[in-house]
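Down below is the structure, laid out as structure tokens.
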Amino acid sequence: MGNGALEFFVRGLELEFGQTNSLAFSGQLKSDLLQNNAGDKTPIHYAASYSADQWNVAIDDGNLSSGIDLGYAELEPIQNGNQTFTVTMDQDEFAVAFAGIISMPELLGDGFSLEVQQ
């Protein structure tokens with residue numbers, strides 16, 4: 001396992017200057033925490049915006065339907081309402097909360113799983 005560094009790839013950017021300044025961008029994030037045994041990192045799609053001194057971040061889990069292979073474990077996100085991930089980002093905190101099922105078939109067999117709730 002690596003050091004957990006996040007890589008942010010920006011695929012779109014929108015800036016607005018004037019009476020109200022704003023910033024919006026979207027792309028993918030990757031981390032060596034989210035890589036399989038072959039070293040492939042699972043990309044997670046995001047969209048972020050900043051306006052009126054407030055950040056808004058959304059994670060699109062559309063590409064995660066088969067779960068996330070963590071190498072040592074598998075994570076299957078579970079949708080809570082209309083969101084799978086909830087992101088909090090302000091001056092004091094950056095947090096990503098989620099619900100899901102974690103299994104470790106190679107270590108503990110197919111019959112073991114752990115459900116994590118937000």
Side-chain angles (χ1 to χ4, degrees):
M1 184 182 292
N3 62 10
L6 293 174
E7 301 171 72
F8 284 89
F9 298 90
V10 176
R11 305 288 186 220
L13 175 66
E14 182 179 311
L15 297 169
E16 185 177 316
F17 299 106
Q19 201 169 26
T20 304
N21 299 326
S22 65
L23 164 71
F25 55 98
S26 63
Q28 296 178 327
L29 67 91
K30 295 182 180 182
S31 172
D32 53 14
L33 292 175
L34 303 174
Q35 72 182 11
N36 61 21
N37 287 331
D40 301 322
K41 298 175 184 175
T42 301
I44 297 179
H45 304 289
Y46 72 90
S49 64
Y50 181 80
S51 181
D53 294 329
Q54 185 172 354
W55 281 99
N56 290 303
V57 181
I59 295 178
D60 178 1
D61 65 340
N63 68 315
L64 303 177
S65 60
S66 62
I68 302 172
D69 183 351
L70 301 173
Y72 59 91
E74 295 173 8
L75 170 63
E76 179 186 338
I78 298 173
Q79 197 165 5
N80 184 7
N82 62 352
Q83 292 183 334
T84 302
F85 296 90
T86 303
V87 180
T88 303
M89 189 167 139
D90 59 32
Q91 294 177 13
D92 302 317
E93 177 181 35
F94 175 77
V96 179
F98 68 94
I101 298 173
I102 299 173
S103 60
M104 297 176 218
E106 291 183 23
L107 181 64
L108 300 172
D110 289 329
F112 175 83
S113 65
L114 177 66
E115 184 174 336
V116 179
Q117 295 187 0
Q118 225 173 12

Practice task
Check the hydrophobic clustering (I, L, V, M, F, W, Y; side-chain heavy atoms under 4.5 Å; chains of links allowed) and say if V10 and W55 are grouped together.
Solution key: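 V10 and W55: one cluster.
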
Taking only residues two or more places apart in sequence or in another chain, which ones pass side chain to side chain donor-acceptor pair (under 3.5 Å) with [X]?
X: D53; result: Y50
X: K41; result: E7
X: E76; result: none

Problem - Those residues that, when tested against F8, pass ring pair (Phe, Tyr, Trp, His ring centres under 6.0 Å) (two or more places apart) - result: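 By the ring pair (Phe, Tyr, Trp, His ring centres under 6.0 Å) rule, F8 matches Y46.
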
Practice task
With sequence neighbours left out, write down each residue that passes ring pair (Phe, Tyr, Trp, His ring centres under 6.0 Å) with F112, or none if nothing qualifies.
Solution key: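 By the ring pair (Phe, Tyr, Trp, His ring centres under 6.0 Å) rule, F112 matches no residue at all.
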
Handout entry: Given I59, L29, V57, the one that forms side-chain contact (heavy atoms from CB on, under 4.5 Å) with V96
Key =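 That would be I59.
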
Tell me every residue that passes side-chain contact (heavy atoms from CB on, under 4.5 Å) with [X], counting only those two or more places apart in sequence or in another chain.
X: A38; value: N36, D40
X: E93; value: T88, D90, A95
X: E16; value: S22
X: N21; value: F17

Exercise for the section: Take the angle between the ring planes of F85 and F98 and call it parallel below 30°, perpendicular above 60°, tilted in between. Expected result: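 F85 vs F98 ring planes: tilted.
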
Rounded to the nearest 0.5 Å, what separates atom [atom1] in [X] from atom [atom2] in [Y]?
X: E14; Y: L23; atom1: CD; atom2: CG; value: 9.0 Å
X: D69; Y: T42; atom1: CG; atom2: OG1; value: 6.5 Å
X: I44; Y: L6; atom1: CD1; atom2: CG; value: 9.0 Å

Practice task
List the atom of G27, the atom of R11, and the distance in Å for their closest heavy-atom pair.
Solution key: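 Nearest pair, atom of G27 first, then R11: CA-CG, 3.6 Å.
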
Problem - side-chain contact (heavy atoms from CB on, under 4.5 Å) evaluation trace for L70 with L34 - result: CA-CA 5 Å; L70 301 173; L34 303 174; 3.5 Å; yes

